[in-house]
Amino acid sequence: MLLILLIKKIEEIKIILCGAGTVGIGCARLLLQLGVQLENLLMYDVNGLLHPDRKDLSKFQRPFVVKNSAMSLDKGLQGADVFIGASTGGILKLEMIRTMNRFPIIFALATPEPEIEYEASKGSRHDVIVATSSARYPNSILDLLSFPYIFRGALDVQATSITDGMLIAAARALADLARDEVVEEVERAYGFEHFTLVLNICFLNQLIQEYL
């Protein structure tokens, strides 16, 4: 959706990932698999940017180091297209969002308190697109969007492992669903059966490509 709005290729977008723990690293891996360029993916933790000169990084964080002068989160967000939060509540400020590129995407996913509250983020500028991990607000990004459907899909096609290709197939299926018109059956059933069918088909197609 972001690429459609900005008329950009995925290799051109700049993403800021706040949080370099297991969730942040998992997001970073998937983003790189999707085609995001490492130099355009800046990851921050409590000590700032993950850069080559830091001596406190784990072996899991090392693959995502980037040599860049934007050592702090506020500097990194200048001109950025996407913010993905996997950190702590209240760390993202209105002023930071206002320095981002047009149609900025804010995924404030920290729990129980997001990096910035939904209402505050929406009020920062007219073109911002916001999602949080709270079901209280629109565009919520919850585990329920992919779980248990990823595992259900894997079981249905008798997969012996979960590959990056399967995760990418599921992510693309969810992205397509986000643009689909909601049919009456989905509205009544909250979309559960529809999600299952779509994700299962994606898993099956991916398995055929990987193993057959």
Side-chain angles (χ1 to χ4, degrees), residues 1-10 12-32 34-36 40-46 49 70 72-147 149 167-168 170-182 186-187 190-191 195:
M1 183 67 73
L2 169 67
L3 302 179
I4 293 173
L5 288 172
L6 298 182
I7 318 178
K8 278 187 175 183
K9 297 180 179 179
I10 195 167
E12 300 172 335
I13 63 172
K14 178 183 177 183
I15 298 178
I16 303 302
L17 225 169
C18 185
T22 54
V23 174
I25 289 171
C27 290
R29 285 183 55 209
L30 191 60
L31 289 168
L32 293 178
L34 286 167
V36 174
N40 293 333
L41 177 62
L42 303 184
M43 291 186 69
Y44 293 86
D45 65 5
V46 66
L49 177 69
S72 61
L73 180 62
D74 60 332
K75 297 295 184 184
L77 280 166
Q78 294 177 10
D81 298 298
V82 182
F83 170 89
I84 300 176
S87 54
T88 188
I91 198 170
L92 183 62
K93 309 301 181 185
L94 295 177
E95 295 76 16
M96 298 180 184
I97 299 177
R98 290 169 181 151
T99 68
M100 295 177 69
N101 209 344
R102 68 190 186 107
F103 298 114
I105 303 292
I106 305 296
F107 289 163
L109 306 181
T111 56
E113 179 188 353
E115 285 80 3
I116 187 170
E117 292 294 339
Y118 179 83
E119 295 92 343
S121 185
K122 286 293 290 182
S124 64
R125 49 192 290 179
H126 72 280
D127 61 343
V128 67
I129 299 172
V130 184
T132 70
S133 59
S134 174
R136 295 177 299 162
Y137 302 111
N139 299 333
S140 57
I141 298 178
L142 305 171
D143 292 344
L144 292 175
L145 291 175
S146 58
F147 179 84
Y149 309 115
L167 297 178
I168 290 171
R172 287 177 172 156
L174 288 171
D176 289 340
L177 281 172
R179 295 191 293 269
D180 277 355
E181 182 178 352
V182 179
V186 175
E187 290 180 336
Y190 297 94
F195 269 76

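For the pair I105 and I15, the minimum side-chain heavy-atom distance is 4.5 Å or more. The shortest side-chain heavy-atom distance between K122 and I106 does not fall under the 4.5 Å cut-off.
Atom CG of residue D81 and atom CG of residue N101 lie 4.5 Å apart, to the nearest 0.5 angstrom. Rounding to the nearest 0.5 Å places CG of L167 at 12.0 Å from CZ of R172. Rounding to the nearest 0.5 Å places CG of L109 at 11.0 Å from OG of S134. Once rounded to the nearest 0.5 Å, the distance linking NZ of K8 with CD1 of I13 reads 8.0 Å. Taken to the nearest 0.5 Å, the CG atom of L31 stands 10.0 Å off from the CD1 atom of I168. For the atom pair CG of N40 and CG of L42, the computed distance is 8.0 Å after rounding to the nearest 0.5 Å.
Identified under the ring-ring contact (aromatic ring centres under 6.0 Å, His included) test for residues 73-94, with sequence neighbours left out: none. Identified under the salt bridge (Lys or Arg N to Asp or Glu O under 4.0 Å) test for residues 16-31, with sequence neighbours left out: R29-D164.
Applying side chain to side chain contact (heavy atoms under 4.5 Å, CB included) to V130 and the options S124, P138, S121 leaves one that passes, S121.
Among all heavy-atom pairs drawn from P114 and A108, the shortest one is CB-O, 3.6 Å. A86 and V23 get closest at one heavy-atom pair: CB-CG1, 3.7 Å.
Legend: residues meeting side-chain hydrogen bond (donor to acceptor under 3.5 Å, both in side chains) with E119, ordered by chain and number and at least two apart, are Y137. Scanning for side chain to side chain contact (heavy atoms under 4.5 Å, CB included) contacts around S87 gives C18, I91, E115, with sequence neighbours left out. Under the side chain to side chain contact (heavy atoms under 4.5 Å, CB included) criterion, T111 pairs with S133, not counting sequence neighbours. For T132, there are no side-chain hydrogen bond (donor to acceptor under 3.5 Å, both in side chains) partners at least two apart in sequence or on another chain. With sequence neighbours left out, the side chain to side chain contact (heavy atoms under 4.5 Å, CB included) criterion links E113 to E117. In terms of the side-chain hydrogen bond (donor to acceptor under 3.5 Å, both in side chains) criterion, residue partners of S72 (sequence neighbours excluded) are, by chain and number, D74. With sequence neighbours left out, the side-chain hydrogen bond (donor to acceptor under 3.5 Å, both in side chains) criterion links D45 to R54. For F107, there are no ring pair (Phe, Tyr, Trp, His ring centres under 6.0 Å) partners, not counting sequence neighbours. For A28, the side chain to side chain contact (heavy atoms under 4.5 Å, CB included) partners two or more places apart in sequence, or in a different chain, are L17, L41, M43, F64.
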Output, in order, the C-alpha distance, side-chain angles, deciding distance and verdict of side-chain contact (heavy atoms from CB on, under 4.5 Å) for M96 and I16.
CA-CA 12 Å; M96 298 180 184; I16 303 302; over 6 Å; no
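Judged by distance alone, the side chain of R125 and the main-chain N or O of M100 form a donor-acceptor pair under 3.5 Å.
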